[in-house]
Amino acid sequence: MGKCGTSEKTVTDTAAMITASEKKELRELYLARRERETKNHPEFRTLLNKAILDWLNKERVFSIGFYWPFRAEPDISQAVRTWLSQNSERRAALPVIDDKNNGLMHFAAWRPDTAMRVGAFGIAIPKDDVKVVPEIVFLPCIAFNESGVRLGSGAGFFDRYLAARSREPLPPVKVAVSFEMLRCEALQAEQHDVLCDWIATEAGVRRVG
């Protein structure tokens with residue numbers, strides 16, 4: 001069993017940087033695991049939403065960015081809905097792709113009654129594009145590790161958005177959203193990766209490291 005705790009497929013267990021082919025294998029392996037285990041364990045979603053809501057209510061923030069679940073990504077919309085309902089000044093937003101070729105995106109305001117339309121990659125986005133600059137950004141993961149490295153879909157939209165905002169006086173807090181079964185310590189940060197500050201799973205929300 002390798003660093004990723006799996007016996008379904010062998011991935012090189014080495015301290016060296018994983019190769020592109022190994023990263024592709026990891027992505028395929030963990031996508032399949034996420035889709036299977038999300039279906040087999042619906043209780044994980046309930047626990048995850050409770051953990052995120054509890055954590056958000058301890059933070060002094062009024063704007064968050066999250067994502068519309070795609071390919072069995074953890075659905076945290078219930079936590080967002082409840083958080084919004086507790087204070088009318090709060091704002092939530094979803095990512096909107098500006099440029100698929102260059103990997104650019106922004107966040108647009110969302111509420112439970114927001115009209116939606118189909119955006120890039122067939123993912124739902126707000127019909128009215130009211131830009132929001134969130135204080136916290138929740139990031140979907142295919143896999144993650146305790147150092148804050150996140151394995152995404154490979155398109156790099158979130159990384160480019162967060163890298164651009166990292167130069168701000170108060171850059172956003174970055175929260176990787178996943179399930180414990182998707183933890184993979186073999187992941188290593190590449191030059192373009194933006195490390196997360198927190199990890200949210202069904203076990204709770206914890207600081208990286």
Side-chain angles (χ1 to χ4, degrees), residues 4-5 26-27 30-31 33-87 90-95 105 107 110 112 123 132-153 156-159 161-163 165-166 170-189 193-209:
C4 298
L26 284 175
R27 186 172 282 114
Y30 276 78
L31 271 173
R33 175 179 288 185
R34 185 175 71 184
E35 291 178 0
R36 181 182 66 249
E37 297 299 326
T38 299
K39 183 182 298 183
N40 292 339
H41 295 282
E43 71 276 11
F44 288 172
R45 174 183 170 184
T46 301
L47 293 169
L48 174 62
N49 275 270
K50 182 181 184 303
I52 287 177
L53 180 61
D54 289 345
W55 179 75
L56 276 174
N57 282 328
K58 296 174 185 177
E59 301 297 310
R60 294 176 58 86
V61 296
F62 288 91
S63 62
I64 63 173
F66 70 118
Y67 56 89
W68 206 253
F70 179 68
R71 295 192 68 181
E73 289 172 344
D75 185 352
I76 64 170
S77 60
Q78 186 54 56
V80 176
R81 286 184 174 91
T82 303
W83 181 76
L84 287 172
S85 70
Q86 294 170 344
N87 188 322
R90 291 173 174 173
R91 298 288 180 267
L94 290 170
M105 65 174 236
F107 279 90
W110 176 89
I123 302 173
V132 172
V133 181
E135 300 166 89
I136 292 176
V137 176
F138 290 98
L139 306 161
C141 300
I142 294 174
F144 71 95
N145 70 17
E146 294 298 323
S147 298
V149 180
R150 158 188 165 271
L151 179 64
S153 63
F157 290 102
F158 280 99
D159 284 323
Y161 173 83
L162 293 169
R165 292 199 57 198
S166 67
L170 291 174
V173 174
K174 303 170 290 295
V175 184
V177 181
S178 193
F179 296 124
E180 290 297 324
M181 66 209 173
L182 301 176
R183 183 168 52 195
C184 176
E185 292 306 318
L187 293 177
Q188 296 183 36
D193 289 330
V194 175
L195 299 184
C196 296
D197 306 304
W198 295 77
I199 298 166
T201 73
E202 75 279 9
V205 182
R206 59 186 181 270
R207 281 189 181 276
V208 164

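Heavy atoms only: backbone and side chains are in, while hydrogens, waters and symmetry mates are out.
- Shown here for Pro112 and Arg81, the closest heavy-atom pair between the two residues is CG-CG, 3.8 Å.
- Tyr67 places a side-chain heavy atom less than 4.5 Å from the side chain of Pro74.
- In this structure, CG on Leu84 lies 6.5 Å from CH2 on Trp110, to the nearest 0.5 angstrom.
- Here the CG atom belonging to Leu47 is positioned 11.0 Å from the CD atom belonging to Glu180, to the nearest 0.5 angstrom.
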(request) Show your reasoning for whether side chain to side chain contact (heavy atoms under 4.5 Å, CB included) applies to Val205 and Glu59. (result) CA-CA 12 Å; Val205 182; Glu59 301 297 310; over 6 Å; no
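- When side chains are defined from C-beta on, Leu26 counts as touching Leu151, because their heavy atoms get closer than 4.5 Å.
- In this structure, the separation between OG on Ser147 and CD on Gln188 is 9.5 Å, given to the nearest 0.5 Å.
- Across Met105 and Pro95, no two heavy atoms sit closer than the pair CE-CB, 3.7 Å.
- Rounding to the nearest 0.5 Å gives a distance of 9.0 Å between CD of Glu73 and CG of Leu31.
- Under the 30°/60° scheme for interplanar angles, the aromatic rings of Phe44 and Phe179 are found to be tilted.
- Between Ala200 and Ile52 the shortest heavy-atom distance is CB-CG1, 4.0 Å.
- A pairwise comparison of heavy atoms in Val132 and Pro134 identifies O-CD, 3.3 Å as the closest pair.
- Contact of the Ile136 side chain with the Leu56 side chain is registered, since non-hydrogen atoms from C-beta on lie closer than 4.5 Å.
- Here the side chains of Arg206 and Glu146 are in contact, with some heavy-atom distance below 4.5 Å.
- Side chains of Phe144 and Val208 form no contact here, defined as non-hydrogen atoms less than 4.5 Å apart.
- Salt-bridge formation is not detected for the pair Asp54/Lys58: no Lys NZ or Arg NE/NH1/NH2 atom is positioned less than 4.0 Å from an Asp or Glu carboxylate oxygen.
- Of all heavy-atom pairs spanning Phe138 and Phe158, the tightest one is O-CE2, 4.3 Å.
- The shortest non-hydrogen separation linking Ala72 to Thr38 is O-OG1, 3.7 Å.
- If you take CZ on Phe66 and CD1 on Ile76, they are separated by 6.5 Å, rounding to the nearest 0.5 Å.
- Judged by distance alone, with hydrogens and angles left aside, the side-chain atoms of Arg91 form no donor-acceptor pair with the main-chain N or O of Phe62 at under 3.5 Å.
- Side-chain atoms of Asp75 never come within 3.5 Å of backbone atoms of Asn49 as a donor-acceptor pair (strictly under, hydrogens ignored).
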(request) Decide side-chain hydrogen bond (donor to acceptor under 3.5 Å, both in side chains) for Thr82 and Gln78; before the verdict, give the C-alpha distance in whole Å, the side-chain angles of both, and the deciding distance to 0.1 Å. (result) CA-CA 6 Å; Thr82 303; Gln78 186 54 56; 3.2 Å; yes
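- With hydrogens and angles disregarded, no donor-acceptor distance shorter than 3.5 Å links the side chain of Glu185 to the backbone of Asn145.
- Within the 4.5 Å cutoff, no side-chain heavy atoms of Ile142 are placed close to those of Arg71.
- In terms of modelled atom types and a separation under 3.5 Å, the side chain of Ser63 and the main chain of Glu135 share a donor-acceptor contact.
- Counting only distance, with no hydrogens or angles, the side chain of Asp197 and the backbone of Lys174 share a donor-acceptor pair below 3.5 Å.
- Leu162 places a side-chain heavy atom less than 4.5 Å from the side chain of Leu139.
- Atom OG of Ser77 and atom CZ of Arg45 lie 5.5 Å apart (nearest 0.5 Å).
- In terms of modelled atom types and a separation under 3.5 Å, the side chain of Arg33 and the main chain of Met181 share a donor-acceptor contact.
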(request) Go through the steps for Ile199 and Val175 under the test side chain to side chain contact (heavy atoms under 4.5 Å, CB included), then give the verdict. (result) CA-CA 6 Å; Ile199 298 166; Val175 184; over 6 Å; no
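- Proximity of Val133 to Phe107: side-chain heavy atoms (C-beta onward) are nowhere separated by under 4.5 Å.
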